[in-house]
Amino acid sequence: MDSPREVKQVVYPEGMLPETPSRSSFSKDGDDATMAGITRDVDDDALSVLSMVSYPDPAGRKGFTVTDDEPAKTVYEAWEIIHGEDSVDWSTWKSIWGVKFGLRWKTLDDGFLNLNPLSAYDQEELADLYEKAVREYKIKNPKKGKPYAQDLANRVFHLEADIYNSVQHLMEDKMRATNKTPFRRREWRIVVLEEGEFQMTELLPERKKKGLFRRREKPAVSRFFIVLRGEEIKTTKEDGGWRLFNRHSNPWWRIDSRETLEARKEHREHFERVNRKLSLRRGPIVRNVTNVRRG
């Protein structure tokens, strides 16, 4: 029986193709290839097909990408937030004339918040949902001078803190992920916000008003449906795109560096001139080595 043979599997970086031997730095064109960087004998279309972005997930779904012929296309995304608050109950009771009164609240740390993308929506469907939300708002509030955009902004602002923070972090992540090119600036905004109840049955349960002020029971788990709109707001044709800067960057570093080098050079030349003049005035120093030895 033949001895087992070890098979070595080469793992390439994510989304990258293996180098072709004809263009590696060890080929006959090695110098040119090294100077030009690693090149791959594959066109953009093939690279797009083989890239990690185009790989389907375990369910067979591929990532949504804008085509090359519509670089400024407006994009919509649907998200949901499932939110369950901490359970609150009376921990101690006192009976007065046969009536029980709660004296102290007890809160259980069992709340949760899940943020989920909803991929079962087409772009046209989400755009229609946004237009429908605007139309319905105008129909329901014909005499209200407040526009839909202002009403939406107010509702987002009054979300509970943890829900608001979750949406804010989502927006920041989308802004960061879609603004990595130095040639285009994109922006994301919330255009639809619908608050409802996480529904486990065909119909919602009947709820009666209870308590001293007859308040209606709140649902145990809330669901927020959100539609984001991403669109291109600015482009540049400048060579190399917009330049980077941060809190520690210095836009004048070239000027500062040149002037500093010139000042150092002038300082060094000044001391060299002084040293030459001093050496000419002093003349050579000759020691009487013979007399020193005899003494």
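The shown structure was predicted, so the numbers you read here are calculated from the model rather than taken from an experiment.
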Asker: Considering all heavy atoms of both residues, which atom of Arg184 and which atom of Glu232 are nearest to each other, and what is their separation?
Answerer: NH1-OE1, 2.8 Å
Asker: Please determine whether side chain to side chain contact (heavy atoms under 4.5 Å, CB included) holds for the pair Asn154 and Lys146, giving the CA-CA distance in whole Å, both sets of side-chain angles, and the decisive distance to 0.1 Å.
Answerer: CA-CA 11 Å; Asn154 295 342; Lys146 190 183 304 180; 3.7 Å; yes
Asker: Can Thr67 and Lys73 be said to form a side chain to side chain contact (heavy atoms under 4.5 Å, CB included), step by step?
Answerer: CA-CA 9 Å; Thr67 57; Lys73 178 180 175 62; 5.9 Å; no
Asker: Is there a chain of hydrophobic side chains (I, L, V, M, F, W, Y, each step under 4.5 Å between heavy atoms) that links Trp188 to Leu118?
Answerer: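 Yes.
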Asker: On a heavy-atom basis, which atom in Val221 and which in Glu197 lie closest, and how many Å separate them?
Answerer: O-CG, 3.6 Å
Asker: Has the side chain of His270 got a donor or acceptor atom that lies under 3.5 Å from a matching backbone atom of Glu266?
Answerer: no
Asker: Are the side chains of Phe224 and Glu160 in touch, meaning some heavy atoms are under 4.5 Å apart?
Answerer: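 Heavy-atom side-chain distance check fails, nothing below 4.5 Å.
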Asker: Can you tell if the side chain of Glu259 reaches within under 4.5 Å of the side chain of Trp252, non-hydrogen atoms only?
Answerer: no
Asker: In terms of heavy-atom contacts, does CZ of Arg243 have more than 12 from other residues, nucleotides or ligands at under 6.0 Å?
Answerer: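 Counting neighbours around CZ of Arg243, more than 12 heavy atoms of other residues, nucleotides or ligands fall under 6.0 Å, so yes.
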Asker: Distance from Trp79 atom CH2 to Leu170 atom CG, nearest 0.5 Å?
Answerer: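 Here the interatomic distance stands at 5.0 Å.
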Asker: Do other residues, nucleotides or ligands put more than 12 heavy atoms under 6.0 Å from Leu261 CG?
Answerer: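 More than 12 within 6.0 Å, yes.
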Asker: Show the nearest heavy-atom pair for residues Thr74 and Arg229, with the distance to one decimal.
Answerer: CG2-CG, 3.5 Å
Asker: Please say whether more than 12 non-hydrogen atoms of neighbouring residues, nucleotides or ligands are located less than 6.0 Å from CD in Glu272.
Answerer: yes
Asker: Say you draw a straight line from CD1 of Ile226 to CG of Asn116; how long is it, rounded to the nearest 0.5 Å?
Answerer: 11.0 Å
Asker: With rounding to the nearest 0.5 Å, note down the distance linking NE2 in His169 to OH in Tyr164.
Answerer: 10.5 Å
Asker: Test side chain to side chain contact (heavy atoms under 4.5 Å, CB included) on Leu193 and Val167; report intermediate values, then the result.
Answerer: CA-CA 11 Å; Leu193 171 64; Val167 177; over 6 Å; no
Asker: Would you say the side chain of Leu228 lies within less than 4.5 Å of the side chain of Met171, judging by non-hydrogen atoms?
Answerer: yes
Asker: Please round to the nearest 0.5 Å and tell me the distance separating atom CZ of Phe112 and atom CD1 of Ile82.
Answerer: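 Reported value, rounded in 0.5 Å steps: 7.5 Å.
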Asker: Mind jotting down which residue pairs meet the side-chain hydrogen bond (donor to acceptor under 3.5 Å, both in side chains) criterion with at least one end in residues 120-136? Sequence neighbours excluded, please.
Answerer: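 Every pair satisfying side-chain hydrogen bond (donor to acceptor under 3.5 Å, both in side chains) with a residue in residues 120-136: there are none.
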Asker: Test of understanding: with ring-ring contact (aromatic ring centres under 6.0 Å, His included), list the residues that count as partners of Phe183, not counting sequence neighbours.
Answerer: none
Asker: If you round to the nearest 0.5 Å, how far is CD of Gln150 from CG of Leu152?
Answerer: 9.5 Å
Asker: I would like to know whether Arg155 and Glu195 meet side chain to side chain contact (heavy atoms under 4.5 Å, CB included); could you show each step before the answer?
Answerer: CA-CA 10 Å; Arg155 288 189 286 122; Glu195 182 178 358; over 6 Å; no
Asker: For a 4.5 angstrom cut-off between non-hydrogen side-chain atoms, does Arg258 reach Ile255?
Answerer: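 Yes, their side chains come closer than 4.5 Å.
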Asker: If I compare all heavy atoms of Val227 with all of Tyr76, which pair ends up nearest, and what's the gap?
Answerer: CG1-CD2, 4.0 Å
Asker: Could you pull out the closest heavy-atom pair between Leu115 and Ile81, with the gap in Å?
Answerer: CD1-CG1, 3.6 Å
Asker: Would you compute the distance between atom CD of Glu231 and atom CZ of Arg189 and round it to the nearest 0.5 angstrom?
Answerer: 9.0 Å
Asker: Any idea which heavy atoms bring Ala78 and Phe225 closest together, and the distance?
Answerer: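 In this case the closest contact between Ala78 and Phe225 is CB-CE1, 4.0 Å.
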Asker: So, the side chain of Ser249 versus the backbone of Asn246: is there a donor-acceptor pair under 3.5 Å, distance only?
Answerer: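 Confirmed, Ser249 side chain pairs with Asn246 backbone.
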Asker: Just wondering, do Asn250 and Asp256 contact through their side chains at under 4.5 Å, heavy atoms?
Answerer: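 In contact.
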Asker: Mark yes when over 12 heavy atoms from residues, nucleotides or ligands other than Asp239 sit less than 6.0 Å from its CG; otherwise mark no.
Answerer: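 For Asp239, atom CG is not crowded (no more than 12 foreign heavy atoms under 6.0 Å).
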